[in-house]
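Notes follow once the structure below has been shown.
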Protein chains: 2
Amino acid sequence: MISDMKTLSALHPNQLNFSGGPGVLPEVVLRQLQESIIAVPEVGLSILGISHRSDWFASVVNELKDNIRRLMGLSDEYHVLFLQGGATQQFSMVPMSLLAGKTQPADYLHTGYWSGKSLPEARREGPIRVAWSGESDGFRRLPDEHDLELSEDAPYLHYISNETVEGLQFHQVMGLDGVPRVCDMSSDFLSRPFDFDRFSVIYAHAQKNIGPSGVTVVLVKDEILHEAPTDMPGFLNYRTQIEANSIYNTPPVFAIYSVLLVSRWLRDEIGGLEAMDCINTAKADLLYREIDRNPEFYRATVSSCNRSKMNVSFRLSSVELERDFLSAARAGGFSGLDGHRSVGGIRASLYNGMQIQAVENLVDFMQDFQSHRTKNRAA
Amino acid sequence: MISDMKTLSALHPNQLNFSGGPGVLPEVVLRQLQESIIAVPEVGLSILGISHRSDWFASVVNELKDNIRRLMGLSDEYHVLFLQGGATQQFSMVPMSLLAGKTQPADYLHTGYWSGKSLPEARREGPIRVAWSGESDGFRRLPDEHDLELSEDAPYLHYISNETVEGLQFHQVMGLDGVPRVCDMSSDFLSRPFDFDRFSVIYAHAQKNIGPSGVTVVLVKDEILHEAPTDMPGFLNYRTQIEANSIYNTPPVFAIYSVLLVSRWLRDEIGGLEAMDCINTAKADLLYREIDRNPEFYRATVSSCNRSKMNVSFRLSSVELERDFLSAARAGGFSGLDGHRSVGGIRASLYNGMQIQAVENLVDFMQDFQSHRTKNRAA
């Protein structure tokens, strides 16, 4: 069946990697990283052997902090940290700092797989209240303002801007202006402009849009830490990490340098978050249009107004057909299209590093697959 | 002065990097890593975009566990974990699991800068007793068995096998056989054979001997976790990490793959830990011999029976002369020779990845430097 399909345009397999994460990185960044394994141009040493206490690495950290603040339009009221442990570690660090000793519960939104993971970690540290859950509905939609009964006394509101597994994304800022917003933006970080200054804490692991796994960016507004406890291990204490400028102990140098290169690419090649959003919107529109064109064959899984531009989830009419689709896709050079193990189906992740040509190729493949299947059934 | 010195043999600047860490990696490993940035040969995708849930990555983790156990001669009573957060995170994780709720204090040895860092982190989690401290003596020697009064009831004994900053290394196993031994082997991990099976917990961050920063290897004997508490964040819980085979959340894929390549190099190119120790001993002997040959000019800083084969610390007669030495060394292509910021002086780190030719070059440089200085003074 594959043999008589249209020939795909020549993209490297990396460019046809639709994985939910770690995701594809821009090719120019991969080339720079490749060079840096033997020698970072301005240092002459392998990135893997440069001291994290060197002046050069201090300049990497400082430029990256600056690039991120500028891209997001944030002032230096926001500390920028580069930590280890992923978003999972933030599930604990946030309540350790902001919930310990509190009697009023923090509000949490339960909008999918990953926000579900944040709940038990928060409960271990202090009182929380699930202000909305989409669980009984199978996480097919997100709440809007009217669905929520938020507490004005909550220490903070925690939610996830983009649910990677289900393919749900908030397109507006949630919450009350009097309550600090804490947001896990792991899977749509630096993918679009947003009112970032309405949040008190934003965190994102790197391995979707901005780098390899191994580093997590945390933005913390200074004022929210005023009452934070101090008697905790240093690596879990935002203040300690802030004072150490993210070098409390040896940081993941290679991962941080990778994020620096991606931030430069975003700034210089793409031209900032509005331009990035424009590209990301075009990619997502292309794919959703193909799905909607064929509602009998490809079925979108979430409410149309909550669709994610990062993770496009859809199903076919049977698990067997989905298996055939994935196997034909692999044979066609695509990878990472399997839905998350918890939900199955198909998921195409369209992170910043993915080019629109890859999505065009995928759409071509989907049309060919459908037409062959429909012909075969008719024959 | 430099111009009339002997010409050094042609080594890449990476090979003349004597940094205390991150340290130099074998050139063959750097070449393989460079290739993997675009495509891991057996997968065809960038190492930075391969899913941590893929079969391939599961095989990376499993082969690496196996390689480490075999190199160290350990049975599968020992779990092998690949965690984030460095040795610093282990300073807390060890007492969180082994000290919480205990009334008898754990014994800690305070033998230098890094073991000093482990003490406050442990005290936060439970009772400890400093069974020996070299602080008043300026950390110039290590205790021997007779110096120690260890408790037979201690939940465990914690010490550091090699003090990176001072250049002190234990050449024998410390402690009582009835008390579990917990050892930070960060800066001499996989550098020599040892009675590893006399330890209950061994941990080591990668960035000295076995890889880039961003991953920490932890070996835990199953029996020591039988009484460990379970109500802690999953990422800090050894049991949770064991059950998840180190993929509790997205691991640092690139760093773990790097360690795999180094473990293969150790096994196949070097031939195991005895052969590695033989090379490391030759490197250290060469350098210590040069220092001892010139006790008026170069001064060793620690007791001769506790000298580290990994970190060779020495001083010159004045801070000015040390500054000149470092500046001439930099001009000669050497890097990373500055002593740790807490102690000053000179430190040459000779980790696994460093070739003996680099140490020969350093010795040549030291002889030239001394002879020029002595001549100049005589003139």
Side-chain angles (χ1 to χ4, degrees), chain A residues 12-14 17 19-25 27 30-31 33-35 37-39 44-53 84-89 91-92 96 117 120-121 124-125 205 207 211-215 231-236 248-255 258 335-336 341 353, chain B residues 12-14 17 19-25 30-31 33-35 37-39 43-53 84-89 91-92 96 117 120-121 124-125 205 207 211-215 231-236 248-255 258 335-336 341 353:
Chain A
H12 189 280
N14 284 335
N17 181 1
S19 169
V24 59
L25 292 178
E27 208 171 319
L30 290 183
R31 294 286 165 198
L33 287 175
Q34 196 173 43
E35 184 180 7
I37 295 289
I38 301 298
L45 290 178
S46 168
I47 181 68
L48 308 182
I50 298 179
S51 172
H52 56 290
R53 302 278 175 199
Q84 296 188 62
T88 299
Q89 184 165 319
F91 290 169
S92 294
M96 280 174 180
K117 292 280 186 191
E121 302 303 335
R124 203 191 311 279
E125 310 300 333
H205 59 223
Q207 67 264 21
S213 61
V215 67
D231 60 338
M232 57 176 80
F235 72 100
L236 297 174
Y248 174 63
N249 60 332
T250 314
V253 172
F254 174 78
S258 305
S335 60
R341 64 196 185 287
Chain B
H12 189 280
N14 284 334
N17 181 1
S19 169
V24 57
L25 292 179
L30 291 182
R31 294 286 167 197
L33 287 174
Q34 195 173 42
E35 184 180 9
I37 296 288
I38 302 297
V43 183
L45 290 177
S46 168
I47 182 69
L48 308 182
I50 297 179
S51 171
H52 56 291
R53 302 278 174 198
Q84 297 187 60
T88 298
Q89 184 165 318
F91 290 169
S92 293
M96 280 174 180
K117 292 279 185 189
E121 302 303 336
R124 202 190 312 278
E125 309 300 333
H205 60 223
Q207 66 265 20
S213 62
V215 66
D231 59 336
M232 57 176 79
F235 72 100
L236 297 175
Y248 174 63
N249 61 331
T250 313
V253 172
F254 175 78
S258 305
S335 60
R341 63 197 186 288

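Side chains are part of it too, since the values below use all heavy atoms of this structure and drop only hydrogens, waters and symmetry mates. Letters go in sequence order (proteins before strands), and every chain restarts at 1.
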Part of B:P251 lying under 4.5 Å from any heavy atom of chain A: backbone
Given that the side chain runs from C-beta out, which part of A:L25 has a heavy atom under 4.5 Å from chain B: side chain, backbone, both or neither? side chain
Donor-acceptor pair, side chain of A:N249 and main chain of B:G85, under 3.5 angstrom: yes
Contact winner vs chain A - B:P22, B:A255, B:G21, heavy-atom pairs under 4.5 Å: B:P22
Any side-chain to backbone donor/acceptor pair from A:S92 onto B:P233? Under 3.5 Å, distance only. no
Side-chain heavy-atom pair A:Q89, B:L236 within 4.5 angstrom cut-off: no
Mind listing the closest non-hydrogen atom pair of A:E121 and B:G234 along with its distance? OE1-N, 3.9 Å
Between B:F91 and chain A, which part of the residue has a heavy atom less than 4.5 Å away: side chain, backbone, both or neither? neither
So for B:M96, is it side chain, backbone, both, or neither that comes closer than 4.5 Å to the heavy atoms of chain A? side chain
Residue from A:G214, A:G20, A:G49, A:A39 scoring the most non-hydrogen pairs under 4.5 Å with chain B is A:G49
Could you go through the side-chain contact (heavy atoms from CB on, under 4.5 Å) check for A:V253 and B:Q207 one step at a time? CA-CA 10 Å; A:V253 172; B:Q207 66 265 20; over 6 Å; no
Mind ranking B:S46, B:G353, B:G211, B:S19 by heavy-atom pairs under 4.5 Å with chain A and telling me who comes out on top? B:S46
Under 3.5 Å, side chain of B:Q34 to main-chain N/O of A:Q34, donor-acceptor pair present? yes
Please name the pair of heavy atoms, one in B:R124 and one in A:D231, separated by the smallest distance, quoted to 0.1 Å. NH1-C, 4.0 Å
Output the option from B:K117, B:H205, B:R31, B:M232 having the highest count of non-hydrogen pairs under 4.5 Å with chain A. B:M232
Closest heavy-atom pair, B:G44 versus A:P13, reported as atoms and distance to 0.1 Å, is O-CB, 3.7 Å
Among the options A:L30, A:L33, A:V215, A:I38, pick out the one with the most heavy-atom pairs lying under 4.5 Å from chain B. A:I38
Indicate yes or no for a side-chain donor-acceptor contact from B:N14 to the backbone of A:L45 under 3.5 Å, with no hydrogens or angles considered. no
Has the side chain of A:T250 got a donor or acceptor atom that lies under 3.5 Å from a matching backbone atom of B:S213? no
Out of A:E35, A:R53, A:E27, which one racks up the most heavy-atom pairs below 4.5 Å with chain B? A:R53
Turns out that what part of B:E125 lies under 4.5 Å from chain A's heavy atoms comes down to side chain
Got a donor-acceptor contact below 3.5 angstrom from the A:N17 side chain to the B:I50 backbone? no
Return the CG to CZ distance between B:L48 and A:F254, rounded to the nearest 0.5 Å. 5.0 Å
From the list B:T88, B:V24, B:I47, B:I37, the residue making the most non-hydrogen contacts under 4.5 Å with chain A is B:I37
